[in-house]
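Computed over heavy atoms, backbone and side chain alike; hydrogens, waters and symmetry mates excluded. For this chain, numbers begin at 1 and follow the sequence in order.
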Amino acid sequence: MDTSTVNSGEQVDRQARILEAALDLLSRHGISGVSMRAVAREAGVALGLVNYYFEDKTSLIRAALHRIDERDLRLVAPDPASPPDEQLRKALRRVADPEFLTTQHLSLRLHLWALAQAHEDFAHINAAAFDRYLKGLAALLANARPELPADVCRERAADIVVVQNGMWLTALLGVDEASIQRSIARTEEIAFAA
């Protein structure tokens with residue numbers, strides 16, 4: 001058995017647990033509830049291990065923001081097994097998957113947006129992540145609607161994101177399923193408008 005592969009897998013697992021713990025603490029307590037010690041306790045690892053992977057709280061939060069960026073990019077990831085218009089529809093519907101409409105996820109979103117307003121480094125990470133998501137969504141639009149110019153695809157993608165973010169924010173208020181479905185339908189109207 002190759003122990004370097006096992007050790008590498010263990011490292012990825014530990015680091016992932018640490019990041020998930022940081023995200024969980026952020027969603028429940030905001031930035032003030034995230035300390036290296038609290039993350040270690042939440043992840044069930046030694047404090048030294050958290051310090052091994054992350055230099056300080058800022059580097060830990062930075063890595064957590066990148067983790068959310070990765071999740072967001074999966075929302076707009078192309079699905080080569082589907083035709084372009086169906087790929088776009090799937091992406092538009094994905095934002096309403098139950099994993100994204102939880103209080104924990106939505107609270108995390110609010111805290112991350114607030115962090116981006118309060119810290120320049122986090123603002124840059126958030127802006128770059130937003131740009132990548134927008135480009136991914138615009139690319140799906142361009143593939144589904146090849147007759148549209150690139151700037152129109154990007155504009156429509158930005159309009160769709162406004163509706164999606166509004167849906168996420170209002171979902172915290174307990175908006176009914178019919179409202180969520182109308183929001184998804186609205187994003188499809190924006191995407192496929194003549």
Side-chain angles (χ1 to χ4, degrees), residues 12 15-34 39 42-43 50 53-79 87-144 150-172 180 183-184 186-187 190-191:
V12 169
Q15 198 168 12
R17 278 196 348 244
I18 291 167
L19 286 176
E20 289 304 315
L23 290 169
D24 189 48
L25 288 168
L26 266 171
S27 74
R28 287 184 291 154
H29 306 293
I31 190 71
S32 63
V34 179
V39 169
E42 186 77 17
V50 176
Y53 289 116
F54 304 100
E55 183 179 325
D56 56 18
K57 180 177 174 175
T58 301
S59 66
L60 177 62
I61 300 298
R62 193 177 298 122
L65 288 171
H66 286 297
R67 174 63 56 95
I68 292 298
D69 180 24
E70 291 167 7
R71 287 180 187 171
D72 286 352
L73 286 178
R74 285 194 300 268
L75 290 171
V76 292
D79 175 11
Q87 289 181 46
L88 178 56
R89 281 188 174 85
K90 284 180 182 179
L92 296 174
R93 293 176 190 140
R94 239 178 248 134
V95 298
D97 282 352
E99 72 179 292
F100 298 113
L101 296 181
T102 65
T103 301
Q104 178 183 6
H105 181 78
L106 298 170
S107 175
L108 176 62
R109 282 273 172 207
L110 289 173
H111 286 296
L112 294 176
W113 288 334
L115 271 176
Q117 297 304 309
H119 192 286
E120 186 177 341
D121 189 33
F122 300 151
H124 290 302
I125 293 169
N126 190 56
F130 177 74
D131 191 54
R132 281 189 291 277
Y133 179 82
L134 206 56
K135 283 180 181 174
L137 186 54
L140 289 175
L141 268 158
N143 289 337
D151 61 323
V152 172
C153 289
R154 183 150 174 107
E155 182 180 287
R156 288 186 185 193
D159 291 349
I160 288 167
V161 170
V162 169
V163 175
Q164 290 173 338
N165 286 339
M167 180 183 64
W168 279 353
L169 287 171
T170 54
L172 278 172
I180 291 169
S183 295
I184 294 168
R186 180 65 189 127
T187 63
I190 293 168

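Shown here are the side chain to side chain donor-acceptor pair (under 3.5 Å) partners of Ser59, two or more places apart in sequence or in another chain: Asp56. Residues passing the side chain to side chain donor-acceptor pair (under 3.5 Å) test with Lys57, sequence neighbours excluded: none. Applying the side chain to side chain contact (heavy atoms under 4.5 Å, CB included) test to Arg186 and every residue at least two apart in sequence or in another chain returns Val163, Glu189, Ile190. Every salt bridge (Lys or Arg N to Asp or Glu O under 4.0 Å) that Arg89 has, sequence neighbours left out, goes to Asp85. Qualifying side chain to side chain donor-acceptor pair (under 3.5 Å) partners for Arg62, counting only residues two or more places apart in sequence or in other chains: Asp121. Residues passing the side chain to side chain contact (heavy atoms under 4.5 Å, CB included) test with Glu20 are Leu23, Arg67, Arg71, sequence neighbours excluded. In this structure, the side chain to side chain contact (heavy atoms under 4.5 Å, CB included) partners of Ala22, at least two apart in sequence or on a different chain, are Val39, Leu60. Residues passing the ring-ring contact (aromatic ring centres under 6.0 Å, His included) test with Phe54: none are found, sequence neighbours excluded. Residues meeting the side chain to side chain contact (heavy atoms under 4.5 Å, CB included) test with Asn126, sequence neighbours left out: Trp113, Ala116. Applying the side chain to side chain donor-acceptor pair (under 3.5 Å) rule to Glu42 yields the partners Arg28; only residues at least two apart in sequence or on another chain are considered. Partners of Asp151 according to the salt bridge (Lys or Arg N to Asp or Glu O under 4.0 Å) rule, which considers only residues two or more places apart in sequence or in another chain, do not exist here.
Put simply, the side chain of Leu19 does not reach to within 4.5 Å of the side chain of Tyr53, judged on heavy atoms. Taking the side chain as every heavy atom from C-beta outward, Leu137 and Leu92 approach each other to under 4.5 Å.
Other residues, nucleotides and ligands contribute only 12 or fewer heavy atoms inside 6.0 Å of the CD atom of Glu120.
Separating the CG atom in Asp72 from the CG atom in Leu134 is a distance of 12.0 Å, to the nearest 0.5 Å. Note that the CD1 atom of Ile18 and the CD atom of Gln15 stand 7.0 Å from one another [nearest 0.5 Å]. One distance of note links CG of Leu115 with CD1 of Ile61; it measures 6.5 Å at 0.5 Å rounding. Taking CG of Asp97 as the start and CG of Leu75 as the end, the distance is 8.0 Å to the nearest 0.5 Å.
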>> Quick one, Val95 with Thr187, criterion side-chain contact (heavy atoms from CB on, under 4.5 Å). Give me CA distance, side-chain angles, the key distance, then yes/no.
In response: CA-CA 11 Å; Val95 298; Thr187 63; over 6 Å; no
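Here the shortest heavy-atom pairing between Ile160 and Ala191 reads CD1-CB, 3.9 Å. Heavy atoms only, all atoms of each residue included: Ser27 and Ser107 are closest at O-OG, 2.5 Å. The shortest heavy-atom contact between Ala157 and Ala138 is CB-N, 3.9 Å.
In this structure, the side chain of Gln87 engages the main chain of Asp79 through a donor-acceptor pair within 3.5 Å.
Among residues at least two apart or in separate chains, side chain to side chain donor-acceptor pair (under 3.5 Å) pairs with a member in residues 131-141 are Asp69-Arg132, Asp131-Lys135, Asp131-Arg154, Tyr133-Gln164.
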